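Just so you know, these numbers come straight off a predicted model, no measurement behind them. Keep in mind that the numbers below use all heavy atoms, side chains included, and drop hydrogens, waters and symmetry copies.
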Amino acid sequence: MARRGSLEAERRAIAKDRDALAAREAKLRDNEQKSSIELMRKSPLGKAPFERVEAFFAMLGKLGLDEAEKRLSAS
């Protein structure tokens with residue numbers, strides 16, 4: 001049988017790994033968001049007047065991303 005102390009040590013090690021993974025995932029989400037912002041700035045939308053971009057995103061929200069992709073791919 002496994003010793004109680006070794007089981008507890010394994011649980012602590014797993015918890016530590018889980019915490020490290022959660023931190024890595026949070027950092028990845030942050031980096032993805034920063035990359036998205038930079039991509040947006042470099043795109044035609046980033047150079048358009050704010051009012052047009054705001055209206056575009058409102059339309060996109062009504063249409064939905066999947067439908068917008070489908071329609072843009074077909075054009």
Return a table of donor-acceptor pairs under 3.5 angstrom between the side chains of residues 16-27 and protein atoms on other chains or two or more places apart.
none

Which residues share a salt bridge (charged side-chain N to carboxylate O under 4.0 Å, His left out) with [X], sequence neighbours left out:
X	answer
Arg29	none
Arg41	Glu38
Glu8	Arg11

Find the distance between CD1 (Ile37) and CE (Met40) and round it off to the nearest 0.5 Å. 10.0 Å
Sequence neighbours left out, cut at 3.5 Å: what donor-acceptor pairs do the side chains of residues 63-75 make with other protein atoms?
unit_1	atom_1	unit_2	atom_2	d
Glu67	OE2	Arg71	NE	2.8
Ser73	OG	Glu69	O	2.9
Ser75	OG	Leu72	O	2.8

Output a table of donor-acceptor pairs, distance under 3.5 Å, between side-chain atoms of residues 44-62 and any protein atom two or more places apart or on a different chain; print 'none' if there are none.
unit_1	atom_1	unit_2	atom_2	d
Lys47	NZ	Lys42	O	2.8

